[in-house]
Amino acid sequence: MMRLTFLGTSAAQPTLARNLSGISLRREHEHLLFDCGEGSQRQMMRYGTGFAVGRIFFTHFHGDHFLGLLGFLRTLNMQGRVEPLDLYGPSPAASLLDRAIRLGFDPQAFEIAIHELQPGEEVVLPGARVTAVPVDHRIPALGYVLREAERPGEFHREKAAALGVPEGPLFGELQRGVGVVVGGRRIEPHEVLGPARPGRTLVVSGDTRPCAALEQAARSADVLIHESTFVDADQARAVETQHSTAREASALAARAGVKRLLLTHFSSRYDDGMSALLAEAREEFPGVELAYDGLTFDVPLPR
Ligand SMILES: [Zn+2]
Ligand SMILES: [Zn+2]
């Protein structure tokens with residue numbers, strides 16, 4: 001399973017309809033967040049993601065992307081959490097997150113590890129890797145690519161049976177890509193499995209101008225979540241504040257050949273109507289979707 005939930009989709013300040021940035025990703029037995037804007041914990045309750053978050057990846061440290069951490073940590077402490085929490089982000093993650101954790105008088109009851117990531121650095125998760133991609137914003141900022149490991153190919157039980165493998169636990173071993181011994185003969189997984197199948201790839205842009213490194217990293221991705229702060233009419237503002245327009249984000253997604261594109265991080269100035277933004281995005285990427293708070297979907301395995 002790979003389940004995404006948008007906790008917030010507004011840029012800079014919350015609106016009545018949209019909270020600040022946060023994405024929940026539940027995958028296998030892990031729950032990750034990408035950013036944790038103010039109010040994220042309440043959105044997690046509202047949308048039923050649970051609080052069992054093991055890692056938070058911050059794209060950068062503008063307040064709209066991380067201030068929700070402070071309240072979330074206090075709630076976890078009060079709930080008696082004991083499991084450690086890993087926090088990741090670009091410079092100055094080490095000093096800034098350390099200060100954020102110590103702010104106030106509440107004792108910190110569980111272990112928190114802070115990992116300041118350099119562009120290109122990889123974080124290994126069970127069955128996947130998260131790579132930090134340098135993006136183009138006003139302060140140090142990272143996009144993230146989560147790439148699952150290849151999965152063993154399709155299991156051909158008739159081939160296994162023909163080789164004398166009895167049905168049962170040995171089938172499971174072979175399915176997982178582990179060789180087995182039957183009647184003194186070793187049977188290798190490739191004898192009974194089809195070609196390896198690719199895992200899923202998810203890309204999160206964070207805040208950025210359209211960025212070549214991110215476009216490269218997003219090539220053929222299953223899902224790209226790209227910021228889309230402005231419409232064409234506010235292009236100058238997008239350049240000035242180092243954000244993207246919906247058109248720019250969608251054109252990048254089309255060039256990268258991504259399978260599914262979700263735009264997020266919308267300026268509050270469009271809260272009363274997103275039709276222009278959507279129309280401009282569709283001209284570049286017809287299947288584009290605008291994310292909204294609570295949008296939840298499972299990313300299917302590629303065929
Ligand atoms: Zn932002
Ligand atoms: Zn920002």
Side-chain angles (χ1 to χ4, degrees), residues 4-25 32-43 56-72 87-93 95-97 99-100 116-117 119 132-145 203-214 217-218 224-231 234-250 252-253 261-271 274 277 281 290-293 295:
L4 282 161
T5 301
F6 283 84
L7 303 174
T9 53
S10 185
Q13 61 191 58
T15 70
L16 283 176
R18 296 182 188 272
N19 201 67
L20 294 172
S21 289
I23 298 165
S24 150
L25 171 67
L32 322 177
L33 299 183
F34 292 100
D35 288 331
C36 187
E38 177 194 337
S40 288
Q41 57 173 330
R42 205 141 169 271
Q43 299 292 78
I56 306 177
F57 291 87
F58 292 98
T59 59
H60 65 302
F61 294 105
H62 276 144
D64 56 323
H65 294 257
F66 82 95
L67 288 175
L69 176 70
L70 283 73
F72 185 42
L87 305 177
Y88 305 85
S91 169
S95 59
L96 186 147
L97 289 174
R99 273 183 288 149
E116 187 168 303
L117 297 177
V133 181
V135 294
D136 183 10
H137 196 40
R138 306 195 294 283
I139 58 172
L142 296 171
Y144 291 107
V145 179
V203 181
V204 176
S205 76
D207 287 7
T208 183
R209 288 290 298 145
C211 164
L214 191 87
L224 168 62
I225 298 170
H226 202 291
E227 76 121 289
S228 160
T229 312
F230 293 111
V231 299
D234 294 317
Q235 170 76 43
R237 186 101 184 99
V239 172
E240 184 189 329
T241 57
Q242 286 180 251
H243 285 295
S244 302
T245 64
R247 182 184 299 283
E248 289 172 327
S250 304
L252 180 145
L261 169 65
L262 292 118
L263 299 183
T264 185
H265 196 273
F266 307 113
S267 168
S268 58
R269 65 182 70 187
Y270 316 126
D271 217 39
M274 304 284 283
L277 191 145
L290 305 187
Y292 54 87
D293 291 21
L295 170 62

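One-based numbering, in listed order, for ligands and for the atoms of each.
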Peer 1: Tell me which N, O or S atom from D207 is the closest to the Zn ion (ligand 2).
Peer 2: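 It is OD2, the N, O or S atom of D207 closest to the Zn ion (ligand 2).
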Peer 1: Looking at the Zn ion (ligand 2), is one of the N, O or S atoms of H60 less than 2.8 Å from it?
Peer 2: yes
Peer 1: Give the name of the N/O/S atom in D64 that lies closest to the Zn ion (ligand 1).
Peer 2: OD2
Peer 1: Any salt bridge between D207 and R138, counting N to O under 4.0 Å?
Peer 2: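 R138 and D207: not salt-bridged.
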Peer 1: The Zn ion (ligand 2) is nearest to which N, O or S atom of H62?
Peer 2: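 In H62, the N, O or S atom with the shortest distance to the Zn ion (ligand 2) is ND1.
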Peer 1: For E38, is the CD atom crowded, meaning more than 12 foreign heavy atoms sit under 6.0 Å from it?
Peer 2: no
Peer 1: Classify the angle between the aromatic ring planes of F66 and F61 as parallel (below 30°), tilted (30 to 60°) or perpendicular (above 60°).
Peer 2: perpendicular
Peer 1: With a cut-off of 2.8 Å, does H137 place any N/O/S atom under that distance from the Zn ion (ligand 2)?
Peer 2: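 Given the 2.8 Å cut-off, H137 counts as a ligand of the Zn ion (ligand 2).
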Peer 1: Could you tell me whether the side chain of F58 reaches within less than 4.5 Å of the side chain of L69, counting heavy atoms only?
Peer 2: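 The answer is yes, as the side chains (C-beta and beyond) meet within the 4.5 Å cut-off.
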Peer 1: Under 3.5 Å, is there a donor on one side chain and an acceptor on the other for S267 and R269?
Peer 2: yes
